[in-house]
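Predicted, not measured: the structure shown is a model, and the values here were computed from it. Chain A is the first sequence line, chain B the second, and so forth, proteins listed ahead of strands; every chain is numbered from 1.
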2 protein chains.
Amino acid sequence: MATAIIKNRKQQIHLTAKNLFRERGYAATSMRHIAAELGIEAASLYSHIKSKEEILQLICFELAEQFLKSSDELQKKKLPAKELFKQAVTEHIRIITQNMDSSVVFLHEWRHLSEPFLSDFKLMRKRYENFYKNILKAGAEEKKFQIRDEKLTLFVIFSAMNGIYEWFTPKGKLQPEEIAEQMVEVFLNGILK
Amino acid sequence: MATAIIKNRKQQIHLTAKNLFRERGYAATSMRHIAAELGIEAASLYSHIKSKEEILQLICFELAEQFLKSSDELQKKKLPAKELFKQAVTEHIRIITQNMDSSVVFLHEWRHLSEPFLSDFKLMRKRYENFYKNILKAGAEEKKFQIRDEKLTLFVIFSAMNGIYEWFTPKGKLQPEEIAEQMVEVFLNGILK
DNA sequence: ATATTTGCCTAACGACCGTTAGTTAGGATG
DNA sequence: CATCCTAACTAACGGTCGTTAGGCAAATAT
């Protein structure tokens, strides 16, 4: 079937784009560059995709949906705050480490989205942040967490998790599950003996 | 004196560039855009600066030197690990919050530097990371810190500090000193009650 | 066997890129 | 007053950008 070939090529394009967008940034990556990586001409890309930005949109929203989906599923479990927190961090880190290229693009290149996609994206991110904010709130109400400034704490946690791409290598000795476990340990108990 | 006017204009250009590089990224910011912000033509910028990259170099290395200078001065103090750690975090956060635009460029746009500047920059960053790594090492030797994976811990701390630009506003209620204090508290003791 | 679809090609579009050359008005300096 | 210097200008350079149009050969469908 022909559709299979097309789909494959489309996937190849997205994969290559993800990789280049991550390495050089969206703005500094040209269609000719993506094409060259695949051994074809830039114009040929347009048999498979609509535009450069469409690729960016797909990357950003695909990942946003993964984050939101996993948070929705965790919500349903009705766990105590501490346990929910552990599982949320583990899930977030799983998604990031399983989608390294996409994650970097998701984190830093979303600003090149045009409207209305930009606004939609920001909204989804806000929703996801609120999921975490509510975990912190619940933990404080359960008298399990001690939080002086909610926003600060929230962003310490997000920044640490989202910064994983700076040092993680899939072939290193530290695997996602253990990263999650150790990060949770730092977040909950700190590094003091 | 004429030099004063030149210097001023040069500073204006750098200031505008910092701001635009932060907001749109280096690659997506054109010389014409910088010029327009100042009400002049793109070609006129070249009376004051050598090239677009020169601006980026100045931003990146200026900040790198600030970080290294502050770490050198802290080294000299011969403090116990925990106290050194506190002061290092406070200094880092002071520099970041005092140079918000530069910081974002420093953190994300350095990859557009050409050689040999790129290699120089990476070396300086490595030196600074080692300063922090040694604090963690010292703390572990003093049996004050409990660190399972040094690299993970290091990057949790760096990511949290460097992510401040995502939420900090100079006019907000949380000021640099207090951010530092609260972050140190999270790093050392975590959020568990 | 014929007709259609696919995946690529070449050529080109107008727009914008960083940068250089040469000029000019106006203020500072002698 | 004559000279120099500055900071801007206009014009233009070669190049690259994302994208479109139209064609062509091979694969697929009828």
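To the nearest angstrom, P of D:dT6 lies 16 Å from CG of B:N8. Spacing between atom CG of B:L38 and atom P of D:dA7 amounts to 14 Å, rounded to whole angstrom units. Going from atom NE2 of A:H33 over to atom C1' of D:dG18 covers 16 Å, rounded to whole Å. D:dT20 atom C1' lies 14 Å from atom CG of A:L45, rounded to whole Å. Atoms CD1 (A:I40) and P (D:dC24) sit 20 Å apart, rounded to a whole Å. Distance A:I34 CD1 to D:dC17 C1': 12 Å, rounded to the nearest Å. At whole-Å resolution of the value, CD in B:E41 and C1' in C:dC17 are 15 Å apart.
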Please output the side-chain donor-acceptor pairs of residues 149-156 of chain B that fall under 3.5 Å, not counting sequence neighbours, one pair per line with the distance.
| unit_1 | atom_1 | unit_2 | atom_2 | d |
| --- | --- | --- | --- | --- |
| B:D149 | OD1 | B:K151 | N | 3.2 |
| B:D149 | OD1 | B:L152 | N | 2.8 |
| B:T153 | OG1 | B:D149 | O | 2.7 |

Using a 3.5 Å cut-off and no angle test, enumerate the donor-acceptor pairs between side-chain atoms of residues 83-94 of chain B and protein atoms at least two apart in sequence or in another chain.
| unit_1 | atom_1 | unit_2 | atom_2 | d |
| --- | --- | --- | --- | --- |
| B:E83 | OE2 | B:Q87 | NE2 | 3.1 |
| B:Q87 | OE1 | B:K77 | NZ | 2.9 |
| B:T90 | OG1 | B:K86 | O | 2.7 |
| B:E91 | OE1 | B:R94 | NH2 | 2.9 |
| B:E91 | OE2 | B:R94 | NE | 2.9 |
| B:H92 | ND1 | B:Y128 | OH | 2.7 |
| B:H92 | NE2 | B:N162 | OD1 | 2.7 |
| B:R94 | NH1 | B:Q98 | OE1 | 3.1 |

Can you list, pair by pair, the side-chain donor-acceptor contacts under 3.5 Å of residues 118-125 of chain A, counting residues two or more places apart and other chains?
| unit_1 | atom_1 | unit_2 | atom_2 | d |
| --- | --- | --- | --- | --- |
| A:S119 | OG | A:E115 | OE1 | 2.7 |
| A:S119 | OG | A:E115 | OE2 | 3.0 |

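The side-chain contact (heavy atoms from CB on, under 4.5 Å) with A:T16 is formed by just one residue from the set A:I34, A:T29, A:I55; it is A:I34.
One finds no side-chain N or O of A:H48 lying less than 4.0 angstrom from the OP1 or OP2 phosphate oxygen of C:dT6. Between C:dG7 and A:S44, no contact under 4.0 Å exists linking OP1 or OP2 to a side-chain N or O. Taking 4.0 angstrom as the limit, B:R9 places none of its side-chain polar atoms (N or O) nearer than this to OP1 or OP2 of D:dT6.
Screening residues 20-36 of chain B for salt bridge (charged side-chain N to carboxylate O under 4.0 Å, His left out), with sequence neighbours left out, gives B:R22-B:D101.
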Do nucleotides 18-23 of chain C as a string where each nucleotide becomes B, S or -: B if the base has a protein heavy atom under 4.0 Å, S if just the sugar-phosphate does, - if no protein is that close.
-> BBB---
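By the side chain to side chain contact (heavy atoms under 4.5 Å, CB included) test, B:L15 is found to be paired with no residue, residues two or more places apart in sequence or in another chain being considered.
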